[in-house]
Protein chains: 2
Amino acid sequence: MAEKQHRMTRQRRIILETVKGLKTHPTADEVFGLVRKRLPRISLGTVYRNLDLLTEQGIIRKLDTAGQQKRFDGDISPHYHIKCVKCGKIDDLYFELPKPSSEWTANTSFQILEYNVELLGICPQCQKKMKQH
Amino acid sequence: MAEKQHRMTRQRRIILETVKGLKTHPTADEVFGLVRKRLPRISLGTVYRNLDLLTEQGIIRKLDTAGQQKRFDGDISPHYHIKCVKCGKIDDLYFELPKPSSEWTANTSFQILEYNVELLGICPQCQKKMKQH
DNA sequence: CTATGTGCAAACTATTTGCCGTCTG
DNA sequence: CAGACGGCAAATAGTTTGCACATAG
């Protein structure tokens, strides 16, 4: 079963450069907005297709956060995230999580693969906004 | 600022009974399907409105799991969830997680509110299916 | 050359909302 | 009997897909 050959098109390269060049965690349409400055005729569908492809290849990360809109991350080193409950903005957290203990899973017959922690909080900007009231 | 008065309508009561009566973690439209057996004219919009209202009141829980479709849980006691990566089914896990250590959040200026843990794994049925190949 | 990729628009999925008549408290 | 609520259908948000043409390798 040969893998499908992938081509490094202009669109794919610029999408990749854009995501890698950001310290934020953009949604698909934020990426679309930025990429469109360099490739005005690119379509949102292409952005979605490439973000998913790059994620499958492990070159970028698709964040498994709660909420309707997916976000992407050019930083694939192991780290976690905190999300602002007011505005949805995400910040990076670097720490090591304990291994899942066998006691956690004593009552399930699921086979454990991995686990993820998501912190929720309020970002500095939204903290400021709240003080004004 | 007086709270809005809420009425216990037939629809709301039956939606609540349905969610509380399940050991599974139904999506809005699974609830809709079940409730419709007792109230054939109920609309999906009503189900959504009531699930959200009951969640705000803390009577049921809206699961903050990754993925496109939200799931609800009639069990509001503190516990975590594991989700099958193949079929999306959810199982309950009861254990105590260590409190977030200050070291986790040393590098962020977000104000921490809470955190959520989601385990990923493979459910028994999907394990069986995989062995057949 | 040819299969992979793109642009475009339409389709789709999950959820929300406006309107207006109904029913609870 | 007033205001909360429900049914219905249309609207919205985010994402996916079919198709015909373009292009990387």
Side-chain angles (χ1 to χ4, degrees), chain A residues 1-19 25-57 59-72 83 87-88 90, chain B residues 1-19 25-57 59-72 83 87-88 90:
Chain A
M1 45 196 284
E3 295 297 313
K4 224 194 215 185
Q5 294 308 311
H6 295 296
R7 297 171 183 171
M8 189 47 70
T9 57
R10 247 166 90 64
Q11 290 85 338
R12 186 162 302 154
R13 184 172 42 76
I14 292 181
I15 289 169
L16 179 55
E17 286 171 11
T18 300
V19 174
H25 305 78
T27 59
D29 74 63
E30 285 165 357
V31 175
F32 177 57
L34 291 167
V35 170
R36 202 160 38 166
K37 291 182 186 167
R38 298 174 59 188
L39 295 174
R41 303 193 57 78
I42 198 171
S43 75
L44 186 55
T46 297
V47 172
Y48 273 106
R49 276 187 287 234
N50 280 300
L51 289 172
D52 282 340
L53 184 72
L54 293 168
T55 300
E56 274 167 40
Q57 297 182 316
I59 302 175
I60 63 172
R61 214 172 128 184
K62 188 178 199 169
L63 300 185
D64 227 12
T65 55
Q68 49 325 312
Q69 209 170 167
K70 297 277 177 253
R71 289 179 175 273
F72 295 84
K83 189 173 70 170
C87 70
I90 288 179
Chain B
M1 44 196 282
E3 294 297 314
K4 221 194 215 185
Q5 294 308 311
H6 296 297
R7 297 172 182 171
M8 187 48 68
T9 58
R10 246 164 90 63
Q11 290 86 337
R12 184 162 303 155
R13 184 172 42 77
I14 293 182
I15 289 169
L16 179 56
E17 285 171 12
T18 299
V19 174
H25 305 77
T27 59
D29 75 63
E30 286 165 357
V31 175
F32 177 56
L34 290 167
V35 169
R36 201 160 38 165
K37 292 181 185 167
R38 298 174 59 188
L39 295 174
R41 305 192 55 77
I42 197 171
S43 76
L44 186 53
T46 297
V47 172
Y48 273 106
R49 275 188 285 232
N50 279 298
L51 288 172
D52 282 342
L53 184 72
L54 293 168
T55 299
E56 274 166 40
Q57 297 183 315
I59 303 176
I60 64 172
R61 212 171 129 185
K62 188 178 200 168
L63 300 185
D64 226 12
T65 55
Q68 46 327 308
Q69 210 169 166
K70 297 275 179 255
R71 289 178 176 274
F72 294 85
K83 188 173 70 171
C87 70
I90 289 181

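The model shown is predicted, which means the values in this text are computed figures rather than measured ones. Worth knowing before you read on, the calculation uses all heavy atoms, side chains too, and leaves out hydrogens, waters and symmetry mates. Below, chains carry the letters A, B, ... as their sequence lines are ordered, and counting in each starts from 1.
Here the C1' atom of nucleotide D:dA24 and the CZ atom of A:R10 are 13 Å apart, to the nearest Å. Between the P atom of D:dC5 and the CG atom of B:L16 lies a distance of 14 Å, rounded to the nearest Å. Residue A:L44 contributes atom CG, which lies 14 Å from atom C1' of C:dA10 at whole-angstrom precision. Rounding to whole angstrom units, NZ of residue B:K70 and C1' of C:dT13 are separated by 13 Å. The CZ atom of A:R13 sits 15 Å away from the C1' atom of C:dG5 (whole-angstrom rounding). Atom CZ in A:R12 sits roughly 13 Å away from atom C1' in C:dA3 (whole-Å rounding). Note: CD1 (B:I14) to C1' (C:dT24) measures 15 Å, nearest angstrom. What separates CD of B:Q5 from C1' of D:dC1 is a distance of 16 Å, to the nearest Å.
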Report task. Go through the steps for B:I42 and B:I15 under the test side chain to side chain contact (heavy atoms under 4.5 Å, CB included), then give the verdict. Result -> CA-CA 10 Å; B:I42 197 171; B:I15 289 169; 4.1 Å; yes
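The side-chain contact (heavy atoms from CB on, under 4.5 Å) test applied to B:Q69 returns B:T27, B:D29, not counting sequence neighbours. Shown here are the side-chain contact (heavy atoms from CB on, under 4.5 Å) partners of B:R49, two or more places apart in sequence or in another chain: B:T46. Here B:Q68 pairs with nothing under the side-chain contact (heavy atoms from CB on, under 4.5 Å) rule; sequence neighbours left out. Partners of A:L34 according to the side-chain contact (heavy atoms from CB on, under 4.5 Å) rule, which considers only residues two or more places apart in sequence or in another chain, are A:T18, A:L22, A:K37.
A:R49 comes within contact range of at least one nucleobase, with a heavy-atom separation under 4.0 Å.
The shortest heavy-atom contact between B:F72 and B:I60 is CD2-CD1, 4.0 Å. Here the closest heavy-atom approach between residue B:H25 and residue B:R71 is recorded as O-NH1, 2.7 Å.
Around atom CZ of B:R10, no more than 12 heavy atoms belonging to other residues, nucleotides or ligands sit under 6.0 Å away.
Put simply, A:Y48 has a side-chain N or O that comes within less than 4.0 Å of OP1 or OP2 on D:dT15. OP1 or OP2 of C:dG5 sits under 4.0 Å from a side-chain N or O of A:H6. A close approach under 4.0 Å does occur between a side-chain nitrogen or oxygen of B:Q11 and OP1 or OP2 of D:dG7.
Map B:M8 and B:R71 each onto its nearest nucleotide of DNA chain C; the residue landing nearer the 5' end is B:R71.
For residues 27-43 of chain B, proximity to DNA chain D is found at B:R41, B:I42, B:S43, defined as any non-hydrogen atom under 4.0 angstrom from a strand atom.
Of the candidates C:dT24, C:dT15, D:dT15, C:dT24 carries the atom nearest the B:T9 side chain, counting heavy atoms from C-beta on. Here the nucleotide nearest the side chain of A:Q69, chosen from D:dT15, C:dG25, C:dG5, is D:dT15. Closest to the side chain of B:R7, out of D:dT16, C:dG25, D:dG25, is C:dG25.
Taking NZ of B:K70 as the start and OG1 of B:T55 as the end, the distance is 11.0 Å to the nearest 0.5 Å. The CG atom of A:L54 sits 9.5 Å away from atom NE2 of A:H6, with the distance rounded to the nearest 0.5 Å.
Bending across the helix from C:dC1-D:dG25 to C:dG25-D:dC1, expressed as the angle between its end axes from five pairs apiece, amounts to 40° (10° rounding).
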